[in-house]
Amino acid sequence: MSDPVKVLEAAFRDAIGAAFGSEYESHDPSLRASQHADYQANAAMALGKVLKKNPREVAAAILEKLNVEGVCDKVEIAGPGFINLTLSNAFLTRQVQALSKDKALGVVQANEPQTTVVDYSAPNVAKEMHVGHLRSTIIGDCLVRVFEAQGHHVIRQNHVGDWGTQFGMLIEHLLDMGEDDAAKELGLGDLNAFYQQARKKFDSDPAFADRARKRVVLLQGGDEATLSRWKVLFDLSAGYFQTIYDRLGVLLTKADIAGESFYNQLLSPTLSELEEKGLAKESQGALCVFPSGFAGREGDPLPLIVRKQDGGYGYATTDLAAIRYRLKTLKAKRILYVVGAPQSAHLNMVFQAAREAGWLTSEARVEHVPFGSVLGSDKKMLKTRAGDSVKLVNLLDEAVERASAKVAEKSKDLPSEEREAIARAVGIGAIKYADLSSDRVKDYVFDWDKMLAFEGNTAPYTMYACARVLGIYRKSDEADRAAGDEALVISAPEEHALAAALLRFGSVVELVGETLQPHHLCGYLYETASLFATFYQKCPVVKAGTSDADRRSRLVLCDVTARVLKHGLNLLGINVPGRM
RNA sequence: GCGCCCGUAGCUCAGUUGGAUAGAGCGACGGCCUUCUAAGCCGUUGGUCGCCCGUUCGAGUCGGGCCGGGCGUGCCA
């Protein structure tokens, strides 16, 4: 509502209807940000074609009926039929005053809240979290925050790998070690060593391998002693994941875990239903579903193997049970799978199978939210020098360490405790922002110097802008603050530009919810922070020599700017220090 | 072979769903601090949008065909 585009759109629809008949009211006014004015309307060209009229004449006819009294200062036709619109300062003043009173800062509450499942993160029990989990965790968490801000009912689902044949060897290794020692090792977070030792014994010691295989059978058979060992592994891992999530500042908790084991008892009902509906067929000794539209190497139908030759269940079965549960039991209207791009084909097969089974209907929307890989400077998948995948803990440690060095250099005057807090916020924020600020589906190059830079579209730049606004506010007088929103008068060009940007916040959040592309929000925050920096340069606020009227007015603008930047960064999952 | 994704300035990336002269940051060069945070601001420099057709008033954007790279393509997830 605060967004000028929405006000202008309504005015244009009315004008187009009045000029050419109500059947044209639904015609898109095609309002865009413009380099030549605040906005431009491009509808006249398209309308000209439909009406078989000269676009400039169409534009003139629209203008004759267009009522933007009190909204625009200047409206003019340019080129082939562009309509350039310049917002009036009085309008911007009123709209920013309204925005200031709005706790949601222009983010519109959904009129029909949807139950939205977001499937993200998905680490593996008894295995280290590594860069491979980074993007899913960060992007998924951002989308969760955006949907919650829009008033949707969000159900987080952390589909952890906590079941399968590898647990035979893990449990045997646990028994060999003794639970106490295992707990010590896993509790400390050295999950890789635990897994690798188990793997090594499995590969080199036939007796151990044999025990492991028997243990799998016991586990699947529900043997209580075995299950309790499994539970130990699960709990230790879940506790470890939580330490990572807490450091990262994501919303996931143990309650959000609905891993492979969770779907265990749902596998056979899911299969029975698929068989009853004639969707599951015997093929090469396995039970398969062949969703339509997918072909293999020889052009033959591509299967989802729902029961392997050996009678075991694989990930396809679990994924089908999960989508069925989410649609039928959780009654999700929208399900997002924040999973890497390589799994696109598999997920689309699962979605198609769910359609054919009648679980997924037009009432619900299911989407794969794919993302590209994290690359090293060599443009290959990010790895350690030894060629191993990079542990998430190490990545976070290094981020905070590097940020600390910068903070120590730039914020010498602050107390050390505060500097540490700033370093954490900047380091973690930098990683998240780097991940969210470019097009999700593309691979991106992981570059410490770029993400921790204070120039450009980065977390530090935007956070710093926010800290500067707050600095002004801190130095202001109670009397000036008390003047409130009514003191606002937009007049300088820098104020005009900043105000216009602030009013777009709600629409940008909406765009992220639609496109599932958080980088739109990053781009917007960077732009707004930049506009603030220009404003900051040209328009003194609490500086000596500023008039009471300017100071009080600009204080309002600062307050709204700070709130927009802070709220925006929070939606990205980034905390903002009060000063830095 | 088939399917999906990617290709924009020397580098890293945007480009609001088809609009005007394709934008940022870095780099390079030049300016701006005796009080609101210079981790900043202002300016200059830099492009065959991989290539070719097509659709139309208009294409980086849509369609077709190539070229280059990545990923997937039946019992790992």
Side-chain angles (χ1 to χ4, degrees), chain A residues 5 30-36 40 42 45-46 48-49 55 78-82 84 122 124 159 161 164-166 260 283-286 288 293-300 302-310 312 314-316 318-319 339-346 348 370 372-373 379 406-407 409-411 413 426 437-439 441-445 447 449-450 453-458 460-461 463-465 467-476 504 507-508 511 515 519-520 522-524 526-527 530 533-534 536-546 551 554 558 579-580:
Chain A
V5 168
S30 181
L31 280 150
R32 301 288 128 88
S34 176
Q35 296 165 22
H36 308 276
Q40 63 185 58
N42 302 331
M45 277 83 77
K49 197 160 145 194
F82 299 105
N84 290 338
N124 295 306
H159 198 172
T165 50
Q166 74 274 25
E260 291 163 346
S283 170
Q284 295 175 30
C288 302
F294 298 88
R297 284 184 202 283
E298 314 299 330
D300 45 332
L302 205 55
L304 283 170
I305 296 167
V306 294
R307 192 172 59 221
K308 299 187 283 186
Q309 280 180 337
D310 65 6
Y315 63 100
T318 311
D319 283 341
V339 175
Q343 290 196 50
S344 173
H346 165 72
N348 283 317
S373 310
K379 298 271 188 136
K406 294 243 181 185
V407 173
E409 179 190 332
K410 305 290 184 185
S411 305
D413 304 338
V426 170
S437 60
S438 67
D439 189 334
V441 306
K442 294 183 189 173
D443 296 346
Y444 82 95
V445 177
D447 184 332
D449 292 334
K450 289 240 157 62
F454 292 94
E455 304 88 27
N457 189 9
T458 65
Y461 179 86
M463 292 165 83
Y464 178 60
R468 289 169 105 189
V469 200
L470 292 170
I472 293 175
Y473 211 74
R474 248 194 320 272
K475 294 209 168 173
S476 64
R504 284 169 45 216
S507 298
V508 171
L511 183 67
T515 60
H519 78 283
H520 288 127
C522 295
Y524 166 80
Y526 173 55
E527 196 186 322
S530 272
T534 305
Y536 184 87
Q537 207 71 23
K538 291 273 173 60
C539 303
V541 186
V542 293
K543 228 174 188 173
T546 312
R551 190 168 57 250
R554 288 169 183 170
C558 285
R579 51 180 183 173
M580 53 190 284

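All values derive from a computational prediction rather than experimental measurement. Here is how names work: the chains are called A, B, and so on, in the same order as the sequence lines, proteins then strands, and each is numbered from 1. Side-chain atoms are counted along with the backbone in the values below, which use heavy atoms only and exclude waters and symmetry mates.
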C1' atoms of A28(B) and C5(B), separation to the nearest Å: 35 Å
N/O (side chain, H520(A)) to phosphate O (OP1/OP2, A14(B)) under 4.0 Å: no
Sugar-phosphate only, base, or nothing, as touched by R32(A) at under 4.0 Å among non-hydrogen atoms: sugar-phosphate
Sugar-phosphate, base or nothing in reach of P540(A), heavy atoms under 4.0 Å: base
Heavy-atom donor-acceptor pair, E260(A) side-chain to A77(B) base, under 3.5 Å: no
Sugar-phosphate, base or nothing in reach of H519(A), heavy atoms under 4.0 Å: sugar-phosphate
Side chain of E455(A) (C-beta onward), nearest among G74(B), C41(B), G40(B): G40(B)
Residue mapping more 5' on RNA chain B - nearest nucleotide basis, S34(A) or G164(A): S34(A)
Sugar-phosphate, base or nothing in reach of K49(A), heavy atoms under 4.0 Å: base
Distance-only donor-acceptor test, S283(A) side-chain atoms vs G74(B) base atoms, 3.5 Å: yes
Non-hydrogen atoms of C558(A) and V541(A) that approach each other most closely: SG-CG2, 4.0 Å
Sugar-phosphate, base or nothing in reach of D439(A), heavy atoms under 4.0 Å: sugar-phosphate
Nucleotide nearest A533(A) (side chain, heavy atoms from C-beta), chosen from G40(B), U37(B), C11(B): G40(B)
N/O (side chain, S438(A)) to phosphate O (OP1/OP2, U12(B)) under 4.0 Å: no
Protein-nucleotide distance (M580(A), atom CE; U37(B), atom C1'), rounded to Å: 10 Å
Heavy-atom closest pair, residues A78(A) and N84(A): CB-ND2, 3.7 Å
K450(A) side chain near C11(B) phosphate (N/O to OP1/OP2, under 4.0 Å): no
Sugar-phosphate, base or nothing in reach of V541(A), heavy atoms under 4.0 Å: base
Any K442(A) side-chain nitrogen or oxygen under 4.0 Å from OP1 or OP2 of A14(B): yes
Sugar-phosphate, base or nothing in reach of R307(A), heavy atoms under 4.0 Å: nothing
Residue whose closest nucleotide on RNA chain B lies nearer the 5' end, A341(A) versus R504(A): R504(A)
No-H, no-angle donor-acceptor pair, T318(A) side chain to A77(B) base, under 3.5 Å: no
is_close_aromatic(Y315(A), H346(A)), centroid dist under 6.0 Å: yes
Any side-chain heavy-atom pair of N457(A) and H519(A) under 4.5 Å: no
